[in-house]
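To start, the structure itself, in structure tokens.
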There are 4 protein chains.
Amino acid sequence: MVIGIPEGLEAEVGRGPQAEPSARPGRPRSPEAGSSILAAATALLAEKGLAGMSMEEVAARAGVGKATVYRRWPSRGALALDAFMGEFSSHLASPDTGSLRGDLTAALVSWERAVTMTRAGSMLAGLIAEAQRDPKLAVAWRQQVFEPLRQRHRAIISAAVARGEIGAGVDADAVLDLLFGALYHRLLHGHLPLTDHFAAQVVALVLDGVAPRPAAPAGAEDTAPAGAEDTAPAGAED
Amino acid sequence: MVIGIPEGLEAEVGRGPQAEPSARPGRPRSPEAGSSILAAATALLAEKGLAGMSMEEVAARAGVGKATVYRRWPSRGALALDAFMGEFSSHLASPDTGSLRGDLTAALVSWERAVTMTRAGSMLAGLIAEAQRDPKLAVAWRQQVFEPLRQRHRAIISAAVARGEIGAGVDADAVLDLLFGALYHRLLHGHLPLTDHFAAQVVALVLDGVAPRPAAPAGAEDTAPAGAEDTAPAGAED
Amino acid sequence: MVIGIPEGLEAEVGRGPQAEPSARPGRPRSPEAGSSILAAATALLAEKGLAGMSMEEVAARAGVGKATVYRRWPSRGALALDAFMGEFSSHLASPDTGSLRGDLTAALVSWERAVTMTRAGSMLAGLIAEAQRDPKLAVAWRQQVFEPLRQRHRAIISAAVARGEIGAGVDADAVLDLLFGALYHRLLHGHLPLTDHFAAQVVALVLDGVAPRPAAPAGAEDTAPAGAEDTAPAGAED
Amino acid sequence: MVIGIPEGLEAEVGRGPQAEPSARPGRPRSPEAGSSILAAATALLAEKGLAGMSMEEVAARAGVGKATVYRRWPSRGALALDAFMGEFSSHLASPDTGSLRGDLTAALVSWERAVTMTRAGSMLAGLIAEAQRDPKLAVAWRQQVFEPLRQRHRAIISAAVARGEIGAGVDADAVLDLLFGALYHRLLHGHLPLTDHFAAQVVALVLDGVAPRPAAPAGAEDTAPAGAEDTAPAGAED
DNA sequence: TCGTAACCGAGACGGTACGTCTGGTCTTTTT
DNA sequence: AAAAAGACCAGACGTACCGTCTCGGTTACGA
């Protein structure tokens with residue numbers, strides 16, 4: 001079952017709120033301009049990557065003055081963010097399978113497919129790159145893409161806690177960083193392929209852990225040393 | 001116990017191998033020039049980030065002609081890569097604690113500390129960003145930083161398998177993507193802090209899993225399917 | 001009596017015709033930028049000569065981006081040509097003295113003075129030098145400086161023919177090449193000074209010839225064979 | 001009759017005198033290197049003009065280190081000067097025809113042919129251009145090419161004075177500036193062709209003058225105009 | 001027979017300037 | 001007042017040469 005995408009994710013993320021919807025004096029903004037800019041940006045992004053998407057060429061290809069672009073989006077990153085959203089958001093699904101494992105697998109696989117099977121993947125990588133050098137874009141990215149998505153994923157974990165599948169003490173953020181961090185890792189470094197199988201594998205590992213603890217009668221021995229190691233060995237090596 | 005850093009990590013990563021150590025005709029390259037360029041690059045990187053490190057200013061600050069910079073490093077990214085290595089590699093430790101948990105915790109914490117407590121952190125983020133737009137740099141990054149490090153970390157897991165701590169069927173790459181993916185995730189998105197505690201938490205989660213599987217007496221049905229799920233269900237969606 | 005300078009000589013020689021005076025879309029070119037560039041170029045030309053007038057420094061001194069310079073002038077030579085015109089054209093006179101000798105002397109002396117007494121002299125030499133290596137500049141030079149000036153000088157000779165001072169068969173171009181060639185010769189080689197006296201001497205020699213042949217009733221036959229040699233002996237030595 | 005070329009014109013003009021012929025300690029300079037440099041310079045000069053003759057490429061094409069070039073010639077201009085001499089000097093003739101008109105015509109025509117029919121023409125123009133920006137080259141040019149040649153031409157006039165063809169009061173330098181100035185003028189500005197005919201025309205104009213000399217009340221005016229016509233009708237057919 | 005001195009090819013050195021490109025802003029006319 | 005257009009200032013890009021300076025090696029002479 002596909003749940004709708006939160007509003008913030010829909011479109012025009014980087015744009016200013018543009019205040020009142022209408023009744024402003026002067027010539028109204030051409031809706032064509034905005035969409036042709038977005039189309040040009042999307043096309044360029046797909047063709048040459050974010051680095052090749054210069055505002056100059058976006059404007060030229062959209063048949064629009066540069067000022068018109070800057071009037072709507074404050075920076076290249078913001079424009080790219082919106083172009084990305086158009087490609088990305090519609091491909092994300094939030095099925096409710098009734099189990100934590102199912103929900104997580106569905107979330108990760110749909111993310112992974114959006115990233116590998118559409119133009120969104122390279123846009124996403126480019127955006128994260130751009131956000132490293134543009135703090136404003138980093139904020140916009142977090143507020144308008146990252147957090148809304150994370151909110152949805154946190155809900156999956158909350159539901160599992162509510163169902164009693166997992167303990168209430170689980171740190172949802174840490175779990176999500178593990179799950180999605182692994183996917184982003186392969187996306188950004190490209191050292192290994194990003195597949196459905198990998199997504200499922202990630203879910204399995206996070207839920208079950210690496211050590212199956214074949215039998216765990218006196219399981220205390222597992223956690224106690226672990227807890228001790230938690231802080232001590234860290235200090236040892238620096 | 002701190003083990004030495006693998007060779008590939010040491011220095012001059014972006015530079016060509018320069019073949020034989022000498023006996024080339026012509027004036028040999030000045031070692032001073034090379035190191036002053038690297039120093040200038042490192043300083044600029046720390047001051048203004050990768051985007052602010054222009055080749056122009058690196059050359060000026062190093063008291064060197066631009067051609068001298070380009071003779072040694074083919075691109076800004078390659079230079080930044082070497083500058084990063086100088087800062088980063090010496091801060092990584094590889095203690096041998098005797099346990100998988102201890103080894104992993106030590107590895108993650110030392111990485112986390114190198115990244116948060118030295119200039120290497122922002123360099124690292126900038127480099128990964130740059131690698132998204134410069135495929136040559138991406139290759140250099142993988143070959144000269146990523147893979148050597150991963151090799152070391154894979155050895156930690158192999159040792160654990162050899163000791164019988166974990167089963168031989170564990171996919172080391174997937175495990176490492178989980179562990180380090182989580183750290184990179186926080187580094188690149190900055191949504192939550194990157195602490196010693198988080199590093200330890202990540203190790204604990206990956207080793208033990210989210211679900212403590214409350215008891216395990218009747219849990220047979222829990223673990224068996226879980227073990228099966230490790231690989232099987234993933235294949236179902238692919 | 002000083003006659004105005006022909007239009008082509010006035011200014012902006014290297015620049016495109018700039019078409020209609022206005023009504024073009026887009027921001028019009030700043031007239032200030034153009035004139036400050038020209039001023040900077042003129043100053044640099046006078047200070048360091050054409051070789052020292054780098055586009056880089058012209059732009060910097062004019063407080064203007066390099067692209068703004070290149071938008072107006074396609075090359076260093078074209079810019080120098082305009083800077084030269086500004087200095088040179090206002091110093092040329094075209095008096096009408098009523099006699100060929102008087103007109104030519106006035107023309108040569110005013111040229112000689114413009115060249116020796118203002119900054120125009122070294123600019124002129126530099127421009128001719130530059131035109132040797134830049135064919136486009138050579139064309140611009142001929143069309144926009146050389147030919148307009150020569151037209152005026154040809155008119156002096158035509159007027160003398162009309163007055164019956166000299167025969168109609170005189171080759172005006174050859175005569176002008178003699179007259180001005182001599183001046184340019186001293187300017188470019190600097191082997192002897194370029195003075196008012198020399199200018200007058202040149203006119204006298206061209207009008208009267210070297211051999212006054214005081215009375216030459218029988219002497220004429222001496223020259224006749226020489227006239228036969230006019231073409232023949234040349235073939236002898238190559 | 002062809003007279004030998006003065007020594008200064010022969011070769012290696014730009015080079016220092018190199019003092020004693022030998023007995024210097026150290027390895028003697030390779031004569032091959034010198035000649036291959038000169039050959040490479042000549043070829044490049046002919047191919048691309050002086051502006052395209054970079055020391056870098058001369059050295060590379062000659063299979064020689066740059067320092068070897070600079071050891072022999074202090075500047076690009078000096079090298080070009082020697083390359084030019086090699087092409088130019090052998091083409092100049094100094095026939096003794098017995099008459100001023102004949103000698104001058106021969107001198108001018110041989111100069112004109114050397115300039116238009118060999119590679120020397122564009123080299124010459126380029127050298128004069130270069131000399132405008134390099135004072136040392138200007139001096140070398142004057143001392144080693146210009147003055148020796150002028151000396152020879154001055155001798156033609158002196159001989160005519162001695163023969164009584166012209167008066168002793170003639171300013172030989174002014175006459176030569178007229179004669180050769182006209183040729184250089186056409187060479188450097190290229191506004192009209194440089195032909196045998198033009199050379200002869202120049203001689204005629206300078207010897208006879210443009211004006212029929214209204215004085216000469218006696219019948220001399222019959223022959224004098226005839227002498228003048230010697231050149232005037234020539235002008236008609238250009 | 002050996003220094004020693006000047007040469008050799010090669011190529012790196014610190015610089016300067018090139019002409020192009022992009023970023024983000026500003027100024028026109030047109031709608 | 002917003003549109004398209006395009007000029008504005010600024011400055012980095014990577015390249016080409018400049019003239020000088022090491023290198024390791026090679027001649028030739030004088031001690």
Side-chain angles (χ1 to χ4, degrees), chain A residues 24-30 32-33 51-57 59-60 62-72 74-76, chain B residues 22-30 32-34 51-60 62-72 74-76, chain C residues 22-34 51-60 62-72 74-76, chain D residues 22-30 32-33 51-60 62-72 74-76:
Chain A
R24 276 188 307 177
R27 174 171 171 177
R29 287 192 179 169
S30 150
E32 289 178 28
M53 187 200 86
S54 72
M55 294 300 251
E56 207 97 8
E57 193 167 358
V64 140
K66 276 204 290 178
T68 302
V69 180
Y70 279 103
R71 210 172 284 122
R72 286 172 161 79
S75 70
R76 191 168 59 132
Chain B
S22 67
R24 274 191 312 175
R27 177 174 174 173
R29 292 192 177 167
S30 150
E32 287 180 30
M53 187 201 86
S54 71
M55 294 300 251
E56 204 101 7
E57 194 167 359
V58 166
V64 141
K66 275 204 287 178
T68 302
V69 181
Y70 281 104
R71 211 173 282 126
R72 287 173 159 76
S75 69
R76 195 168 55 132
Chain C
S22 66
R24 274 191 311 176
R27 176 174 175 176
R29 291 192 179 166
S30 152
E32 287 179 31
M53 188 201 85
S54 72
M55 296 299 252
E56 204 102 6
E57 192 168 358
V58 166
V64 142
K66 276 202 288 177
T68 302
V69 180
Y70 280 103
R71 208 174 285 124
R72 288 172 161 77
S75 70
R76 194 169 55 133
Chain D
S22 66
R24 276 190 307 178
R27 173 174 175 175
R29 290 190 178 167
S30 150
E32 288 180 29
M53 188 201 85
S54 72
M55 295 300 251
E56 206 100 9
E57 193 168 358
V58 166
V64 140
K66 276 203 289 176
T68 302
V69 180
Y70 280 103
R71 210 173 283 125
R72 287 169 160 78
S75 69
R76 191 171 57 135

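Per chain, numbering begins at 1; letters A, B, ... match sequence-line order. Hydrogens, waters and symmetry mates are skipped; everything else that's a heavy atom, side chains included, is used. This structure is a prediction, so every number in the text was calculated from the model and none was measured.
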Contact list (N/O, under 3.5 angstrom) for nucleotides 20-23 of chain F vs protein:
| residue | atom | partner | partner atom | Å |
| --- | --- | --- | --- | --- |
| dC21(F) | O2 | Arg27(B) | NH1 | 2.8 |

Separation of [X] atom [atom1] from [N] atom [atom2], in whole Å?
X: Met55(C); N: dC21(E); atom1: CE; atom2: P; value: 16 Å
X: Met53(C); N: dC18(E); atom1: CE; atom2: C1'; value: 13 Å
X: Glu32(D); N: dT26(F); atom1: CD; atom2: C1'; value: 14 Å

Comparing Val69(B) and Val64(D) on DNA chain E - which has the more 5′ nearest nucleotide: Val64(D)
Sorted by chain and number, sequence neighbours left out, side-chain contact (heavy atoms from CB on, under 4.5 Å) with Thr68(D) holds for Ala33(D), Ile37(D), Val64(D), Arg71(D), Arg72(D)
Partners meeting side chain to side chain donor-acceptor pair (under 3.5 Å) with Glu56(B) (sequence neighbours left out): Lys66(B)
Going by the rule side chain to side chain donor-acceptor pair (under 3.5 Å), which residues pair with Glu32(D) if we only count those two or more places apart in sequence or in a different chain?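 Glu32(D) satisfies side chain to side chain donor-acceptor pair (under 3.5 Å) with no residue once adjacent residues are dropped.
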On DNA chain F, compare the nucleotides closest to Glu57(B) and Ala33(C); which residue's is nearer the 5' end?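 Looking at DNA chain F, the more 5' nearest nucleotide goes with Ala33(C).
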Glu56(B) or Gly63(A), whichever maps to the more 5' nucleotide of DNA chain F: Gly63(A)
Any Thr68(C) side-chain N or O less than 4.0 Å from OP1/OP2 of dC9(F):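 So the side-chain polar atoms of Thr68(C) do come within 4.0 Å of the phosphate oxygens OP1 or OP2 of dC9(F), strictly under.
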Closer than 4.0 Å, any side-chain N/O of Arg29(B) to the OP1 or OP2 of dA10(E)?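 Checking Arg29(B) against dA10(E): no side-chain N or O falls below 4.0 Å of OP1 or OP2.
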Reported CE-to-CE distance for the pair Met55(B) and Met53(B), which is rounded to 0.5 angstrom: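 Those atoms lie 6.0 Å apart.
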